[in-house]
*Asks:* 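Can you keep this structure in mind? I'll have questions shortly.
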Amino acid sequence: MPQQTTELRTATFADLDARTLHDLLKLRVDVFVVEQNCPYPDIDGRDVEPGTRHLWLTDGDAPLAYLRILADPGGLARIGRVVVAPTARGGGHAGRLMTAALEVVGNQPCVLEAQSHLVGFYARHGFEVNGPEYLEDGIPHTPMRRAAIDA
């Protein structure tokens, strides 16, 4: 059987076609709302902002993993909605996406709200805990920050 190759894709909202947008949102809802049993407004209006970048890995069909980078005020990047399809977990996809996201972010400071059991994963990408743990939809989260990198 030939080995599937994954492709990294990056787009603004305006560059997403309807099918791709559907598939990315479906992955987010399947994992965050259904699997993790967290009914929350995933479609929050930030996906369409001009500064938002959508990054995902695909095997040619459905997305395997996804994240978005938001442009917060003051030159702060915010990584969120990091998700890997259940059938693709354990393949290093989240790490590959984080590496790509940090290339997009560049030298600017970056924050994220980590599910607490993933703090070690994000720490390997240069993030440090910068606040107390809190519950969101019954899941412990920890705020994390990667400082600006001197060029």
Side-chain angles (χ1 to χ4, degrees), residues 1-106 108-127 133-146:
M1 174 182 264
Q3 183 178 357
Q4 289 183 326
T5 57
T6 57
E7 181 182 348
L8 174 67
R9 297 191 181 164
T10 304
T12 64
F13 180 79
D15 294 329
L16 292 171
D17 63 55
R19 180 58 194 230
T20 300
L21 176 62
H22 167 273
D23 292 349
L24 296 175
L25 293 175
K26 183 176 184 326
L27 173 60
R28 287 172 21 182
V29 168
D30 285 350
V31 173
F32 297 130
V33 178
V34 177
E35 179 184 333
Q36 295 182 356
N37 193 27
C38 297
Y40 76 103
D42 179 55
I43 300 174
D44 60 3
R46 303 235 32 211
D47 291 315
V48 302
E49 293 175 356
T52 298
R53 295 296 172 267
H54 302 272
L55 282 71
W56 69 101
L57 293 171
T58 181
D59 63 1
D61 295 320
L64 302 173
Y66 167 89
L67 64 73
R68 72 179 183 183
I69 306 168
L70 304 175
D72 278 1
L76 186 66
R78 177 174 300 277
I79 294 176
R81 303 294 200 268
V82 181
V83 62
V84 178
T87 57
R89 291 182 186 150
H93 301 304
R96 183 173 171 201
L97 270 182
M98 282 300 297
T99 298
L102 292 173
E103 288 175 9
V104 171
V105 167
Q108 68 186 9
C110 186
V111 297
L112 54 80
E113 305 296 320
Q115 288 189 5
S116 295
H117 71 278
L118 295 171
V119 164
F121 167 77
Y122 293 114
R124 288 190 295 276
H125 291 278
F127 288 85
E133 184 179 70
Y134 62 94
L135 282 180
E136 183 173 324
D137 295 317
I139 298 173
H141 282 72
T142 302
M144 299 187 78
R145 179 181 179 93
R146 187 190 77 156

*Asks:* Using side-chain heavy atoms (C-beta onward) and a distance below 4.5 Å, is L55 in contact with R68?
*Replies:*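 No - every pair of side-chain heavy atoms lies 4.5 Å or more apart.
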*Asks:* What orientation do Y134 and H141 show, parallel under 30°, tilted 30 to 60°, or perpendicular over 60°?
*Replies:*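 Judged by the thresholds at 30° and 60°, the geometry between Y134 and H141 is parallel.
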*Asks:* Do R53 and D15 come within less than 4.5 Å of each other through their side chains, counting heavy atoms only?
*Replies:*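 No, every pair of side-chain atoms sits at 4.5 Å or beyond.
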*Asks:* Under 3.5 Å, is there a donor-acceptor pair between the T6 and R96 side chains?
*Replies:*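 Short answer, yes.
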*Asks:* Kindly indicate whether the side chain of P86, heavy atoms from C-beta on, has any atom under 4.5 Å from the side chain of V31.
*Replies:*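 Side chain of P86 against side chain of V31, heavy atoms only: contact under 4.5 Å found.
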*Asks:* Minimum heavy-atom separation for L67 and A101, please, with both atom names.
*Replies:*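 It is CD1-CB, 3.8 Å.
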*Asks:* Looking at every heavy atom in both L16 and W56, which two are closest together, and how far apart are they?
*Replies:*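 The answer is CD2-CH2, 3.5 Å.
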*Asks:* Flag the pair E49 and R78 as a salt bridge only when some basic side-chain nitrogen lies within less than 4.0 angstrom of an acidic carboxylate oxygen.
*Replies:*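 The answer is no: the pair does not qualify as a salt bridge.
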*Asks:* Report yes if the side chains of I43 and L25 come closer than 4.5 Å at any heavy-atom pair, otherwise no.
*Replies:*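 Heavy-atom side-chain distance check passes, below 4.5 Å.
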*Asks:* Between F127 and M144, which heavy-atom pair has the shortest distance, and what is it?
*Replies:*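 Of all heavy-atom pairs spanning F127 and M144, the closest is O-CE, 3.6 Å.
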*Asks:* If only atom types and distance count, is the side chain of R28 paired as donor or acceptor with the main-chain N or O of D42 below 3.5 Å?
*Replies:*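 Yes; judged by distance alone, with no hydrogens or angles, the pair exists.
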*Asks:* Would you check if the side chain of T52 reaches a backbone N or O of V48 as a donor-acceptor pair within less than 3.5 Å?
*Replies:*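 Checked: no pair found.
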*Asks:* Testing the basics here: between P41 and R81, what is the closest heavy-atom pair and its distance to 0.1 Å?
*Replies:*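 Residues P41 and R81, closest heavy atoms: O-NH2, 4.0 Å.
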*Asks:* Check whether any side-chain N or O of D137 sits under 3.5 Å from a backbone N or O of I139 as a donor-acceptor pair, and report yes or no.
*Replies:*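 Such a contact is absent between D137 side chain and I139 backbone.
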*Asks:* Is any side-chain heavy atom of R9 less than 4.5 Å from a side-chain heavy atom of H54?
*Replies:*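 Not touching, per the 4.5 Å side-chain cut-off.
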*Asks:* Is there a side-chain contact between E35 and D30 (heavy atoms, below 4.5 Å)?
*Replies:*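 Of all side-chain heavy-atom pairs linking D30 with E35, none is under 4.5 Å.
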*Asks:* Quick check: does any side chain N or O of R89 sit under 3.5 Å from a backbone N or O of V84, one acting as donor and the other as acceptor?
*Replies:*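 A pair under 3.5 Å: yes.
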